[in-house]
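Let me begin by presenting the structure, written as structure tokens, before commenting on it.
Side chains are part of it too, since the values below use all heavy atoms of this structure and drop only hydrogens, waters and symmetry mates. Nothing here was measured: the structure is a model prediction, and the numbers come from that model.
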Amino acid sequence: MTLRFQLQIQQSPPLPLPFQMQHHVIRNNNSVRCALTKQGQRFLTKLSTSNNTNTDNLIRKFVQSSSKSVQLSTLTHLLSPTTHNNNNLSSFALPLYTRISESPWFTSNPTITADLISLLHKLQLHTESQTLFSQTISNLNNRERDLVLFYSKLLISHSKRASQTGFDSAYSYLNNLLHTSSSLYVKRRAYQSMVSGLCAMDKPREAENLIQDFQQTDGGPGGDRIQIQPSAFEFKSIIYGYGRLGLFQDMVRVVDEMEKNRFVMDTVCYNMVLSTYGIHGEHGEMVSWLRRMRNSGVPFSIRTYNSVSNSCPTIMRKVVELNDLALSMEELLSECLVGGEATVIKELLSCCAIFEEVMVWDSSRVKMDLHGFHLGSTYLVMLLWFEEMQKRLLNASNYEIPDEITVVCGVGKHSSVRGESPVKALVKEMMMKMKGPLRIDRKKDGCFVAKGKAVKVWLCELTKL
């Protein structure tokens with residue numbers, strides 16, 4: 001079998017984010033990280049129910065009849081570790097990739113190639129995996145910047161699949177570049193990927209030891225002695241690595257060490273700490289860190305709301321089942337949430353500056369954008385928004401009634417299946433239960449719209465209930 005492809009790599013690739021932060025990044029088309037389309041879903045359903053003799057024919061027809069974006073989103077779905085864990089569809093990734101790679105428009109990139117190599121390795125198709133790896137290295141032609149980018153992507157892919165042997169192999173390639181390259185950029189890129197990779201494999205202590213080793217010395221070509229001082233990136237990787245494992249004393253110790261090195265705790269770092277406490281249901285600690293965050297003047301972000309709401313099982317149950325929704329913040333806090341959940345939500349809501357980030361208000365239009373919010377945080381922000389709109393439209397004389405009010409939910413482009421937006425379904429359910437005037441826009445399916453006067457009348461009626 002011949003695998004034909006050409007790697008297309010940026011000349012100056014950006015430094016990597018910690019693995020645990022990468023899913024927050026909006027990727028461009030070269031990274032082809034988009035949701036599975038309904039056309040792709042139908043194709044995969046046919047594949048999963050067909051006999052082996054018909055597979056090649058189905059793939060050929062799909063590639064011939066589908067657009068570039070549909071083909072790539074379907075391939076990316078097959079390469080996902082989640083797909084591999086849930087069913088046997090991933091076995092179709094290689095034949096689909098081979099067929100797509102024959103298209104004249106196709107240019108592969110290191111992410112796709114690394115994901116496919118790691119998948120083949122996980123499926124124990126070692127010959128195919130090694131063939132693709134060897135061809136990739138040959139095409140890179142010893143260009144160190146391109147090599148370090150590819151090895152970093154490969155390390156990410158193996159870590160996502162918890163493949164120790166694959167990870168060790170990619171790690172050794174990066175380690176070799178780190179010790180042999182004369183480029184400081186290549187050294188630092190390899191070093192950062194190795195630190196973040198160890199944390200992703202639940203080895204934050206080894207990552208911390210690596211940092212300490214290179215703070216002292218790094219033997220380069222010709223016996224050069226180059227120190228590599230840690231950046232905020234490495235500290236954040238280790239902080240999250242310890243926190244995810246519940247090793248909170250070590251996590252806080254590294255936070256202190258980071259601050260001693262004059263790196264400021266920013267919103268991203270606070271959110272990572274909050275997220276790890278939330279994973280383990282440590283609501284009391286979350287409250288302490290939210291207060292520390294607010295007292296330090298660090299703004300809450302959408303991710304802050306996501307981290308806190310995701311830690312509350314009561315809220316998450318409500319937004320999934322959609323049949324027991326409290327329809328006011330007062331009802332939620334007084335009748336639904338108890339103990340640590342109630343305390344942490346109250347602390348989160350003590351700062352309402354989130355509307356400065358997600359809402360635009362002028363005389364002609366009010367628009368609130370819910371992009372980036374998870375289901376739980378969407379629910380909280382909608383309840384907060386109702387209260388905020390009451391204050392502005394009913395009680396504040398300095399706010400004019402806008403001509404139109406819009407809530408942007410999106411159409412589900414980034415949902416597990418494109419076009420099926422859980423956020424949109426939640427907002428629709430809340431509007432139905434509250435008998436609100438907001439309706440799905442006929443022209444923009446991902447928006448709810450209403451006249452400003454209608455919203456004011458509705459809010460006035462709510463205050464009488």
Side-chain angles (χ1 to χ4, degrees), residues 1-9 16 19 22 27 30-34 36 40 43-44 47-48 50 52-60 62-63 71-103 106-141 146-176 193 197 200-201:
M1 174 174 49
T2 302
L3 298 172
R4 299 190 306 165
F5 57 92
Q6 176 184 358
L7 284 174
Q8 182 177 0
I9 300 177
F19 296 165
Q22 291 177 359
R27 291 174 166 86
N30 287 337
S31 297
V32 280
R33 288 302 186 207
C34 46
L36 180 66
F43 164 67
L44 295 182
L47 271 184
S48 63
S50 68
N52 292 334
T53 58
N54 195 38
T55 297
D56 187 64
N57 191 41
L58 284 173
I59 292 175
R60 177 179 55 80
F62 173 73
V63 171
Q71 293 178 49
L72 292 178
S73 65
T74 305
L75 175 60
T76 301
H77 179 78
L78 290 179
L79 295 175
S80 166
T82 304
T83 303
H84 175 65
N85 289 335
N86 290 342
N87 51 54
N88 296 321
L89 282 175
S90 294
S91 61
F92 299 113
L94 181 58
L96 179 60
Y97 173 87
T98 303
R99 179 68 68 174
I100 291 175
S101 68
E102 295 171 353
S103 303
F106 180 77
T107 53
S108 184
N109 63 39
T111 301
I112 286 182
T113 308
D115 284 348
L116 181 55
I117 290 171
S118 68
L119 172 60
L120 294 172
H121 180 86
K122 191 72 174 181
L123 295 175
Q124 297 187 357
L125 298 173
H126 299 301
T127 300
E128 291 84 349
S129 177
Q130 186 59 44
T131 298
L132 182 55
F133 175 83
S134 299
Q135 290 185 11
T136 303
I137 298 304
S138 175
N139 287 348
L140 292 179
N141 196 28
D146 296 346
L147 280 171
V148 76
L149 174 61
F150 170 67
Y151 290 145
S152 297
K153 297 292 186 182
L154 192 58
L155 197 74
I156 293 171
S157 296
H158 283 306
S159 69
K160 287 179 179 178
R161 300 185 192 281
S163 173
Q164 188 63 59
T165 55
F167 177 87
D168 290 344
S169 178
Y171 188 92
S172 67
Y173 292 128
L174 285 170
N175 192 41
N176 182 63
S193 296
M201 293 295 285

Nearest-0.5 Å distance, CD of residue Glu128 to CG of residue Leu120
6.5 Å
To the nearest 0.5 Å, what is the distance between CG on Leu94 and CG on Leu119?
9.0 Å
Nearest atoms (heavy-atom pairs only) where Pro81 meets Arg161:
CA-NH1, 3.5 Å
Side chain to side chain, Tyr173 and Leu155, heavy atoms closer than 4.5 Å
no
What one should report as the nearest heavy-atom pair of Ser193 and Leu174 is CB-CD1, 3.9 Å
Decide side chain to side chain contact (heavy atoms under 4.5 Å, CB included) for Ile137 and Tyr151; before the verdict, give the C-alpha distance in whole Å, the side-chain angles of both, and the deciding distance to 0.1 Å.
CA-CA 10 Å; Ile137 298 304; Tyr151 290 145; 3.5 Å; yes
Here the gap from Leu116 atom CG to Phe133 atom CZ, rounded to the nearest 0.5 Å, amounts to 13.5 Å
Thr74 (side chain) donor-acceptor with Gly40 (main chain) under 3.5 angstrom
no
Within the 3.5 Å criterion, strictly below it, is a donor on Asp168 or Gln164 matched to an acceptor on the partner's side chain?
yes
Check: Phe92 ring centroid to Phe62 ring centroid under 6.0 Å:
no
Rounded to the nearest 0.5 Å, what separation is found between the CG atom of Asp146 and the OG1 atom of Thr136?
12.0 Å
Here the pair of heavy atoms bringing Ser159 nearest to Phe167 is CB-CD1, 4.3 Å
Considering all heavy atoms of both residues, which atom of Phe106 and which atom of Ser101 are nearest to each other, and what is their separation?
CD2-CA, 3.4 Å
Test item: side-chain donor near acceptor, Ser134 and Gln130, under 3.5 Å:
yes
Under 3.5 Å, is there a donor-acceptor pair between the side chain of Ser152 and the main chain of Val148?
yes
Can you name the closest pair of heavy atoms from Gln71 and Val63 and give their distance?
NE2-O, 3.1 Å
Between Ser129 and Ile117, is there a donor-acceptor pair closer than 3.5 Å when you use the side chain of the first and the backbone of the second?
yes
Would you confirm whether Ser138, through its side chain, and Gln135, through its main-chain N or O, come within 3.5 Å as a donor-acceptor pair?
no
Using the rule given for side chain to side chain contact (heavy atoms under 4.5 Å, CB included), can you reason through Ile156 versus Lys160, listing the C-alpha separation, both sets of side-chain angles and the distance that settles it, and then say yes or no?
CA-CA 6 Å; Ile156 293 171; Lys160 287 179 179 178; 3.6 Å; yes
Between NE2 of His77 and CG of Leu75, what distance do you get to the nearest 0.5 Å?
11.0 Å
Roughly how far apart are Leu78 CG and Leu44 CG, rounded to 0.5 Å?
5.0 Å
Pair His158-Thr165, side-chain donor/acceptor within less than 3.5 Å
no
Could you tell me whether Arg99 and Asp56 make a salt bridge, using a distance below 4.0 angstrom between a side-chain N and a carboxylate O?
yes
From the list Leu154, Leu132, Leu79, side chain to side chain contact (heavy atoms under 4.5 Å, CB included) with Thr113 holds only for Leu132
Tell me, do Thr76 and Leu36 make a side-chain contact under 4.5 Å, heavy atoms counted?
no
Shortest non-hydrogen contact from Ser91 to Pro95?
O-CD, 3.7 Å
